[in-house]
Amino acid sequence: MSPGAATGVTEAELIKTRRAKLAALRAAGRDPYALTTFARSHTLVAVREAFDHLAAGEHAGGATVTVAGRLQSMRRMGKRSVFADLTDQSARLQVYFHTDRLGPEFEAVDLLDRGDVVGVRGEPFRTKSGELTVAADEVTVLAKSLRPLPEKWHGLVDPEIRYRRRYVDLMVNRPVLEAMLTRSAIIAALRRHLDELGYVEVETPILLALAGGANARPFVTHSHALDMPLQLRIATELNLKRCIVGGIEKVYEIGRTFRNEGVDRTHNPEFTMLELYEAYTDVEGMLRLCEGMVVAAAHAARVGERHEYGGRELVLRPPFARMSYLDALREFGGLTREDILDEARARAAAERLGLRLDVKASHPHVVDKLFEATVEPHLVNPTFITEHPVLLSPLAKRKAEDPDFVERFELYIAHMEVANAFSELNDPDDQRERFERQAKERAAGDPEAPEPDWDFVQALEYGMPPTGGIGVGIDRLVMILTNADSIRDVLLFPLQRPEA
RNA sequence: GCGUCGUUAGCUCAAUGGUAGAGCAGCGGACUCUUAAUCCGUUGGUUGUGGGUUCAAGUCCCUCACGACGCACCA
């Protein structure tokens, strides 16, 4: 048998060579694709834990394990032995194929390639150089890999191929796999944390006649059955508060949200948000809950109180710093209350700071730009910015003693807004007036102003208890806890244009 | 949407406007504890697409595609 007959090295010929080995395996009665199951005795990390005690040169005294995984590299030592690295989801482990143990089984080893999925039964031992290894007594090809893997040393680097063929990225760049597992652990921990505190998880619609609850352009689609336009949700806020009105007192949803807007380091058109609402509490209750969630997430990610991100050390230890919106603008921007509340003065301040603003920019937009330019660059350690102006907060309850401002906070970490919470506005008349103002802005030609959801006002008219609510940007939290520079590094399949 | 940069072998990267190269992977050979194994030999290219300038283009100019970064957008 000479699988190496095709000696060329274009991709097509590399594949042909591997197909020849597949044919040889089949001819030997070892069709890898015919198998349906493989019973493992250990994951690779379990082997590492169970046989960690072996000294260099020591064997496991005849004990055997059965493991499976992908061959990551093969080192041939003469005609009769091969060392290979095997990886599974849990770890990497070396295996040793030798004719002394395998006998005629060794013929299969000659037909193996990097990338093949194999099962191995054998005896654990530690090599003279100290590496825990499984000496194979039996080898089973569980899937032949027909395509060449990226280079073993530099791995797969090209970001375009990494995102397009994430499965290859995952198999050869272990930190990518680790980040995705950490993401899963963080979300599971948050869910567990909230479930233990008695919150009820619900699922609200993604397809809506009218997407509301935030100021963002929605994706638009169409229902053939109903022959009507539909929008993908931009927030879960309004439906979750309908749940509060209906009597689900501690409610949350972890789910995908869609915004038809720019893509950059911290924005993907679809992203994951946790939104939570609780009756009979307020923004202070949300603040304590928020600290608990960040700690639970950090713990799940095995991140301690001191954590380096983006070249800066973060101290993730509650209580987090607090600073009011006005104090922050005063301290970092030298701006006053009037510079914010008065539209003309806000524009003048923006001009002083050299901000390029569209003449059509609305008052809220100008104020937001002022904050972004002056305050955000200073917010590295977790910081609650509190008591925002009502003009930026159409769904939050006013402060009793200062009705131009609301009971709200945003949590900033590493310059990013990670959470946003407030005492929910439950006065239907105030809500209606704020919606009417937005409707006027919309009618006046501001396409960004949201279309009011009048049914939500009706829901408030039935009576919503005093309620605290919070939204947490899960992707950004995961970015911080996994040291990811880009949101794409915490998403399995970030949005890409179709390949040329 | 705008700007800058990038796209060369399966992967990672070289190449004054003058014969497209290396390492890894592959293939053949040597090697019974290797681990970026090592050593000998060897194959592999429509230089992202389409035009242009030139005696001559991977290289210069333009178009388009895709990507990265920045800006804009995203309270």
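Below, chain A is the first sequence line, B the second, and so on; all start at residue 1. This one's a predicted model, so the numbers in the text were calculated from it and none came from an experiment.
Taken residue by residue, residues 385-396 of chain A places heavy atoms nearer than 4.0 Å to RNA chain B at A/Leu392, A/Pro394. Listed in residue order, the members of residues 75-90 of chain A having a heavy atom less than 4.0 Å from RNA chain B are A/Arg75, A/Arg76, A/Met77, A/Gly78, A/Lys79, A/Arg80, A/Phe83.
Per the geometry, CD belonging to A/Glu417 stands 11 Å off C1' belonging to B/rC74, to the nearest Å. Summarising the geometry, the separation between CZ on A/Arg164 and P on B/rC66 is reported as 8 Å, rounded to the nearest angstrom. Atom CZ in A/Arg476 sits roughly 13 Å away from atom P in B/rC74 (whole-Å rounding). Here B/rC11 presents its C1' atom at 15 Å from CD of A/Glu160, a figure rounded to the nearest Å. B/rU34 atom P lies 11 Å from atom CZ of A/Phe125, rounded to whole Å. A/Arg101 has its CZ atom 14 Å from the C1' atom of B/rC33, to the nearest Å. Between A/Asp113 atom CG and B/rG10 atom P the separation is 17 Å, expressed in whole Å. When the C1' atom of B/rG28 is taken as reference, atom CG of A/Asp110 falls 14 Å away, rounded to whole Å.
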Please list, one pair per line, the donor and acceptor atoms closer than 3.5 Å that link side chains of residues 468-475 of chain A to other protein atoms, with sequence neighbours excluded.
residue  : atom : partner  : partner atom : Å
A/Asp475 : OD1  : A/Arg183 : NH1          : 3.0
A/Asp475 : OD1  : A/Arg183 : NH2          : 3.0
A/Asp475 : OD2  : A/Thr272 : N            : 2.7

Could you pull out all donor-acceptor pairs under 3.5 Å where a side-chain atom in residues 390-399 of chain A meets a protein atom, sequence neighbours excluded?
residue  : atom : partner  : partner atom : Å
A/Ser393 : OG   : A/Pro389 : O            : 3.2
A/Ser393 : OG   : A/Arg408 : NH1          : 2.7
A/Lys397 : NZ   : A/Asn426 : OD1          : 3.3
A/Arg398 : NE   : A/Asp430 : OD2          : 3.0
A/Arg398 : NH1  : A/Pro403 : O            : 2.9
A/Arg398 : NH2  : A/Asp430 : OD1          : 3.2
A/Lys399 : NZ   : A/Glu387 : OE1          : 2.5

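The listed nucleotides are B/rA72, B/rG45, B/rG67; the one nearest the side chain of A/Gln496 is B/rG67. Side-chain proximity of A/Asp100 to B/rU32, B/rC33, B/rG44: nearest is B/rU32.
For A/Leu495 and A/His267, each mapped to the nucleotide of RNA chain B holding its nearest heavy atom, the one lying further toward the 5' end belongs to A/Leu495. Projected onto RNA chain B by closest heavy-atom contact, A/Ile161 and A/Ser73 fall at different nucleotides, the more 5' of which corresponds to A/Ile161.
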Stepwise side chain to side chain donor-acceptor pair (under 3.5 Å) check, A/Thr257 with A/Arg259: CA-CA 7 Å; A/Thr257 303; A/Arg259 297 188 180 176; over 6 Å; no

Derivation and outcome, salt bridge (Lys or Arg N to Asp or Glu O under 4.0 Å), residues A/Lys16 and A/Glu13: CA-CA 5 Å; A/Lys16 203 153 97 186; A/Glu13 284 166 336; 5.3 Å; no

After noting the C-alpha distance and the side-chain angles of A/Gln89 and A/Thr43, does the key distance pass the side-chain contact (heavy atoms from CB on, under 4.5 Å) rule? CA-CA 8 Å; A/Gln89 183 186 304; A/Thr43 62; over 6 Å; no

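Here, B/rU12 and B/rU32 have their P atoms 35 Å apart, quoted to the whole Å. Straight-line distance between the C1' atoms of B/rU47 and B/rU19: roughly 15 Å, to the nearest whole Å. Taking atom C1' in both B/rA9 and B/rC27, one finds a spacing of 15 Å when rounded to whole Å. Only the P atoms considered, B/rU59 is 15 Å distant from B/rU53, to the nearest whole Å. If you take atom C1' in B/rC62 and the same atom in B/rU49, they sit 13 Å apart, rounded to whole Å. Spacing between B/rG3 and B/rA36 at atom C1', rounded to whole Å, works out to 40 Å. Rounded to whole Å, the P atom of B/rU8 lies 29 Å from the corresponding atom of B/rG41. Comparing the same atom, P, in B/rU4 and in B/rA56 gives a spacing of 30 Å after rounding to whole Å.
Aromatic ring centres of A/Phe409 and A/Phe320 lie farther apart than the 6.0 Å criterion allows.
No side-chain donor from either of A/Gln94 and A/Tyr96 sits under 3.5 Å from a side-chain acceptor of the other.
Applying the side-chain hydrogen bond (donor to acceptor under 3.5 Å, both in side chains) criterion to A/Asp88, with sequence neighbours excluded, gives A/Ser90. Residues satisfying the side-chain contact (heavy atoms from CB on, under 4.5 Å) criterion with A/Ala439, sequence neighbours excluded, are A/Pro452. With sequence neighbours excluded, the residues that form a side-chain contact (heavy atoms from CB on, under 4.5 Å) with A/Leu177 are A/Leu170, A/Arg174, A/Leu181. Residues passing the side-chain hydrogen bond (donor to acceptor under 3.5 Å, both in side chains) test with A/Asp327, sequence neighbours excluded: A/Ser324, A/Arg330.
Contact between the side-chain N/O atoms of A/Lys128 and the OP1/OP2 oxygens of B/rU35 is not found at any separation under 4.0 Å. The side chain of A/Arg488 places an N or O atom within less than 4.0 Å of a non-bridging phosphate oxygen (OP1 or OP2) of B/rC69. Distances shorter than 4.0 Å separate some side-chain N or O of A/His365 from OP1 or OP2 on B/rC74. Taking only side-chain nitrogens and oxygens, A/Arg497 comes nearer than 4.0 Å to OP1 or OP2 of B/rG67.
Sorted by first and then second residue, the pairs that involve residues 327-353 of chain A and meet ring-ring contact (aromatic ring centres under 6.0 Å, His included), not counting sequence neighbours, are A/Phe332-A/His378. Residue pairs meeting the salt bridge (Lys or Arg N to Asp or Glu O under 4.0 Å) criterion with at least one partner in residues 45-55 of chain A, sequence neighbours excluded, are A/Asp52-A/Arg126.
Note on A/Tyr325: nothing from the nucleic acid sits closer than 4.0 angstrom, heavy atoms only. Nucleic acid contact for A/Phe371: none, since no nucleic acid atom lies under 4.0 Å from a heavy atom of the residue. Residue A/Gly57 is out of contact with every strand shown, counting any heavy-atom pair closer than 4.0 Å.
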Please write out the pairs of protein N or O atoms and N or O atoms of nucleotides 19-25 of chain B separated by less than 3.5 Å, giving the distance to one decimal.
residue : atom : partner  : partner atom : Å
B/rG23  : N2   : A/Glu151 : OE1          : 3.3
B/rC24  : O3'  : A/Lys152 : NZ           : 3.4
B/rA25  : OP1  : A/Lys152 : NZ           : 2.8

For RNA chain B, what string of dots and brackets results from 5' to 3' when Watson-Crick and G-U pairs need both distances under 3.5 Å, crossing pairs get [ ], and pairs with another strand get |? (((((((..((((....[..)))).(((((.......))))).....(.(((..]....))).))))))))....

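By the 30° and 60° cut-offs, the orientation of the rings of A/His388 relative to A/Phe371 is tilted.
The structure places OG1 of A/Thr17 at 11.0 Å from CG of A/Leu146, a figure rounded to the nearest 0.5 Å.
The residues A/Arg233 and A/Glu253 are annotated as salt-bridged, a charged nitrogen and a carboxylate oxygen being separated by less than 4.0 angstrom.
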